[in-house]
2 protein chains.
Amino acid sequence: MNRTIPRGPYKPGKIRQNSEQCMLDAATQAFSRYGFSGTSMQNIADTAGVPKANVHYYFKNKMGVYTAVLGNILDLWDTVLNDITVTDNPATALCRYIDAKIDFSRTHPQESRVFAKEMLSGAPHLQEFLQDKYEAWLASRLRIFQSWIDAGKMDPIDPAHLLFMIWGSTQHYADFEPQVKQSLGTDTLHQEHFDAAAKTVKQVILKGCGLTPPAP
Amino acid sequence: MNRTIPRGPYKPGKIRQNSEQCMLDAATQAFSRYGFSGTSMQNIADTAGVPKANVHYYFKNKMGVYTAVLGNILDLWDTVLNDITVTDNPATALCRYIDAKIDFSRTHPQESRVFAKEMLSGAPHLQEFLQDKYEAWLASRLRIFQSWIDAGKMDPIDPAHLLFMIWGSTQHYADFEPQVKQSLGTDTLHQEHFDAAAKTVKQVILKGCGLTPPAP
DNA sequence: ACAAATCTTGTCTAATTGGTCAATTTTTTA
DNA sequence: TAAAAAATTGACCAATTAGACAAGATTTGT
């Protein structure tokens, strides 16, 4: 006779949640600097302050850690992107997007770099993301841009390439940080630098699209 | 008595030159896809079609191969950048630079990616480059931009951040190729895609700076 | 043609790494 | 409090890798 009631298959206690996040942070840091192959499980473990075997207890294998890190980044992206509700005003919408994107480069540089390295390697683990979520997100943006153009609210500009410009310009501050630092003559990028960046990008993009900055 | 006349310390015969370039190409390809740690000497050797020991004969060690690849890329960069003579017309100069940069992304995507990965990793092997050649190149550009602004030839725009915009926008087509491909719905990027890219970037940047496109 | 220099290549080694496992400790639950 | 579940940990293994090296093949200079 079985007196014990079997518990559910998985109960994420606080210990697990805490340890897992700790290792995920350590892994993100390591992957962003040394890449997937350049990062050893030992390195992740050391950074997290736990023995190596512990990492294997929480994640299936090294690729498991990596995909967890990537998934975490995509979630972050999702919240950032979905936070932007498209208003009827192109200028306002573009400004909001640029500000959010620059802010992401400032607050999540490591995540940005892991994402960039994955792209640079041919994005073998982002195919699903690109074909599902990103595809849908992009299509909706292109439609909106096109509707603005059709309505005469902005210049006729290839929407996809415009998005690339915004993406590339903003991403640059996280991904090419050494170059940016050297160029701006600073050892660390501060809020003021990102403010100047956002200001310039917004200024050029808006005017370049035939838009006038929204009143603050 | 010594009858043999000692030859010079290093004579790069055709064999050496050929083999070295072949291995350098193989290494560039491997590094761009798998990164430094993810690339094995065996992989480089296989791609070049030679036994592994041969690579060690031509290069001191793995880092030697990598720095050779990086140096090669910086040379390429140098020729591209120096090819742009600054005319007195801002619009023409910017167009030339954007076209050259986009063309570099098209013709040298692997080199672009190796460079980007090095930046993403904190550019530990580019410090000298950044502090010497790049620093000088940047300063001269900033002066030119400022003079244009002072002369009222273009809007007052932070020159450094403007350069980052151009750099980031153009670099994007090599570094984020999977995203670009997916967005444009193509399996391979063709000349027409890069033409559209250059057109959009020039259109937005020029107008965004208060410039009118030069007559072709 | 001959000797010296250059180039090629198979083999070996020491070190690192991802991953396994069983033993132990800590936490949870009834 | 006692058993069960979850978490921690050190020791171990097999595979890969960078690099060394010596012997042999080829090219080059005289």
Side-chain angles (χ1 to χ4, degrees), chain A residues 1-27 29-31 33-70 124-125, chain B residues 1-27 29-31 33-70 124-125:
Chain A
M1 185 198 282
N2 194 356
R3 292 196 131 269
T4 64
I5 301 168
R7 59 166 57 188
Y10 178 77
K11 188 178 177 183
K14 283 190 176 176
I15 292 178
R16 180 175 206 95
Q17 203 168 334
N18 189 8
S19 295
E20 201 170 312
Q21 190 58 48
C22 182
M23 294 176 192
L24 226 53
D25 289 346
Q29 180 179 328
F31 283 138
R33 176 161 274 153
Y34 308 112
F36 177 79
S37 301
T39 297
S40 65
M41 296 294 275
Q42 190 67 61
N43 182 344
I44 296 175
D46 291 348
T47 305
V50 298
K52 188 180 65 146
N54 213 345
V55 183
H56 277 96
Y57 175 72
Y58 281 95
F59 299 93
K60 186 187 171 193
N61 50 24
K62 189 179 174 184
M63 186 56 74
V65 184
Y66 183 68
T67 53
V69 166
L70 264 190
H125 305 98
Chain B
M1 184 196 281
N2 193 357
R3 292 195 133 267
T4 65
I5 299 166
R7 60 165 57 189
Y10 178 76
K11 188 178 177 185
K14 282 191 176 176
I15 292 178
R16 182 175 202 93
Q17 203 167 334
N18 189 8
S19 294
E20 200 170 311
Q21 189 58 47
C22 182
M23 295 176 192
L24 224 54
D25 289 346
Q29 182 179 327
F31 284 139
R33 176 163 272 153
Y34 308 112
F36 177 78
S37 302
T39 297
S40 66
M41 296 295 273
Q42 190 66 62
N43 183 344
I44 296 175
D46 291 348
T47 305
V50 298
K52 189 183 67 154
N54 214 345
V55 184
H56 274 96
Y57 175 72
Y58 281 95
F59 299 93
K60 187 186 170 194
N61 51 23
K62 190 178 173 183
M63 187 57 74
V65 184
Y66 183 69
T67 53
V69 166
L70 263 191
H125 305 97

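Computed from coordinates, the B:Asn43 CG to D:dA15 C1' distance equals 17 Å when rounded to whole Å. Remark: P of D:dA7 and CG of A:Asn18 are 11 Å apart, rounded to the nearest angstrom. Rounded to an integer number of Å, the gap from CZ of A:Arg16 to P of C:dT28 is 14 Å. Note: CG (B:Asp46) to P (D:dT16) measures 14 Å, nearest angstrom.
Under the side chain to side chain donor-acceptor pair (under 3.5 Å) criterion, B:Asn54 pairs with no residue, sequence neighbours left out.
A perpendicular orientation is assigned to the rings of A:His125 and A:Tyr66, their planes being inclined by more than 60° (bins at 30° and 60°).
The number of heavy-atom neighbours closer than 6.0 Å to OH of A:Tyr58, taken from other residues, nucleotides and ligands shown, is above 12.
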How would you summarise protein contacts on nucleotides 9-23 of chain C per nucleotide, using B for base, S for sugar-phosphate only and - for none, with heavy-atom distances below 4.0 Å? BB-------BBBB--
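Side-chain contact between A:Met41 and A:Val65 is present, with at least one heavy-atom pair separated by less than 4.5 Å. The shortest side-chain heavy-atom distance between B:Phe59 and B:Leu24 falls under the 4.5 Å cut-off.
Nearest heavy atoms, A:His56 versus A:Lys60: CD2-O, 4.3 Å. Nearest approach of B:Ile44 to B:Ala26, heavy atoms of both residues: O-CB, 3.7 Å.
Checked by atom type, the side-chain pair B:Asp25/B:Gln29 shows no donor-acceptor distance below 3.5 Å.
End-to-end axis angle of the helix from C:dA1-D:dT30 to C:dA30-D:dT1, from C1' rotation axes over five pairs per end: 20° (rounded to 10 degrees).
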